[in-house]
There are 2 protein chains.
Amino acid sequence: MRTGTEKEKRSRGRPRGFITEEVLEKVRGVFLAKGFTGASLDELSAAAGLNRPSLYAAFGDKEQLYIATLRFYGTKSIEGLDAILAGPGTIQQRLARVYSAAIDLYTAPPHRPGCMIVGTAAVESPTYPKIAEAAAELLAAIEKSLERGFAASDLPRKPAPAARARMAGAIMYAIAIRARLGAKAADLKAFANSMVPTICA
Amino acid sequence: MRTGTEKEKRSRGRPRGFITEEVLEKVRGVFLAKGFTGASLDELSAAAGLNRPSLYAAFGDKEQLYIATLRFYGTKSIEGLDAILAGPGTIQQRLARVYSAAIDLYTAPPHRPGCMIVGTAAVESPTYPKIAEAAAELLAAIEKSLERGFAASDLPRKPAPAARARMAGAIMYAIAIRARLGAKAADLKAFANSMVPTICA
DNA sequence: TAGGTTTTATGCGATACGGTACAGAAATAC
DNA sequence: GTATTTCTGTACCGTATCGCATAAAACCTA
């Protein structure tokens, strides 16, 4: 897939009137709110400010567009995760910051969307194996990021960083689910804060 | 809603050719695999062995049918949860049994469906508030059941049973998500077993 | 048996859906 | 300037969708 940012030699014909990443950002809002099946191409192209043929030429069909959006969202999220985990403070403080930032995104108005992977990709998994595969890869990458954070900390080596990462990831997924089902940010933050010492024990 | 099992006085006209709960069980398989939006009325009525007008007369529209199915599924699940938690053994053993039973259901072939609440209701929440409400109620009931189990155990009163229940529930939701995204039962069971001592610490 | 009542079965209708054909527009290559 | 390539916009196609109208069937009451 072309990213639109590569400064490859200007191709010959009429240039694109959009930037791929901007389209993915706009489309993400629709997929995040409605899910893959629930989002119609009318809504998607309206949100993107593009006509359907342009979407199709750029991304292929709806499934490929969804997967591109999911990977874009996941990659951005993991970058944010890495950044917070590489920041200052104890691992407890950084982990708490990770949860706080996640909860702010998960409970953002107006939809309290939760996480795109947990909240929208999971439901399609049995029907669309490629979506399941992309989602599983992203969850694995999230846990790898957490594992790096724990490995670089001064926590005891037992439990292993990978085990701590699985646990920290599980708590994050649960928060995402509860956010999408309407849980209040304050409750989720209290829960997250109560889990940090357990994960870092 | 009539349950079909109430032995209310036989009504006057032609009797129903189906039992409500049996229909809900059959329909559940379709909703569980495809989600609310992804399941078509053709699939649903075929699975139920009913024609669409019969479904409509009995349940109303698709949303109401889905919510009835969700509540049926949730209530049955909570009964199973209560039963295991009321069984023999230490709370650690009983909690491990809960997870093992859940993982068997979540990873059942051919679809590895996970949990209906977490795997299919969550995605619809922003669009269908009544589904969100029913799902949130069921999660709360699950945590209440877990809380009763911890309250009846001989674990220390700190952390409080409610806090343990939130944690145990979070682990269950995370397992459901990972199951639907393709995780292997053995990996999930290892994870669950590793979490039991932490939850019961 | 006749009448009343509820559930089935067939089939339809209006709409929304995903996806595409085609012609015109905007850029580069020669 | 002309040709070529690529993208945009309109308009459309076939299909699948949800939900319902209608009439026949099955049962109870009398």
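We name chains A, B, ... by the order of the sequence lines, and we start the count at 1 in each one. Source: prediction; values computed, not measured.
- Between the P atom of dA16(D) and the NZ atom of Lys34(B) lies a distance of 13 Å, rounded to the nearest Å.
- We find that Glu133(A) and Lys130(A) are not joined by a salt bridge, their nearest charged nitrogen and carboxylate oxygen being 4.0 Å or further apart.
- Comparing Ala39(B) and Arg14(B), the nucleotide of DNA chain D nearest to each residue sits closer to the 5' end for Ala39(B).
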Begin with the C-alpha distance, continue with both residues' side-chain angles, and end with the deciding distance and a verdict on salt bridge (Lys or Arg N to Asp or Glu O under 4.0 Å) for Arg52(B) and Asp42(B).
CA-CA 8 Å; Arg52(B) 247 167 310 169; Asp42(B) 275 349; 3.2 Å; yes
Can you name the atoms? Protein N/O to nucleotides 1-3 of chain D N/O, anything below 3.5 Å, with the distance.
none

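- Rounded to whole Å, the distance from CD on Glu43(B) to P on dT17(D) is 7 Å.
- Atom CG of Leu44(B) is separated from atom P of dA16(D) by 17 Å (rounded to the nearest Å).
- Atom CG in Leu32(B) sits 10.5 Å away from atom CD1 in Ile117(B) (nearest 0.5 Å).
- When the P atom of dC17(C) is taken as reference, atom CG of Leu41(A) falls 9 Å away, rounded to whole Å.
- In this structure, CG of Leu65(A) is placed 13 Å from C1' of dG19(C), rounded to the nearest angstrom.
- Taking atom CG of residue Asp42(B) and atom C1' of nucleotide dT15(D), one finds them 12 Å apart after rounding to whole Å.
- Side-chain contact check for Asn51(A) and Ser45(A): no donor-acceptor pair (N or O, by modelled atom type) lies under 3.5 Å.
- Between the side chains of Lys34(A) and Thr127(B), not a single donor N or O lies within less than 3.5 Å of an accepting N or O.
- Against DNA chain D, the stretch residues 49-57 of chain A makes heavy-atom approaches under 4.0 Å through Asn51(A), Pro53(A), Ser54(A).
- No side-chain donor-acceptor contact under 3.5 Å links Thr107(B) and Lys184(B).
- Across the protein-nucleic acid pair, Phe18(A) atom CZ and dT6(D) atom P stand 15 Å apart, rounded to whole Å.
- The ring pair (Phe, Tyr, Trp, His ring centres under 6.0 Å) test applied to Tyr128(B) returns Phe36(B), not counting sequence neighbours.
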Take Arg71(A) and Glu137(A) through the test salt bridge (Lys or Arg N to Asp or Glu O under 4.0 Å) and record every step on the way to the result.
CA-CA 9 Å; Arg71(A) 291 212 141 99; Glu137(A) 278 174 22; 2.6 Å; yes
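- Taking atom CG on Asp61(A) and atom C1' on dC17(C), their separation rounds to 14 Å, with Å as the unit.
- Judged by distance alone, the side chain of Arg178(B) and the main-chain N or O of Ala183(B) form no donor-acceptor pair under 3.5 Å.
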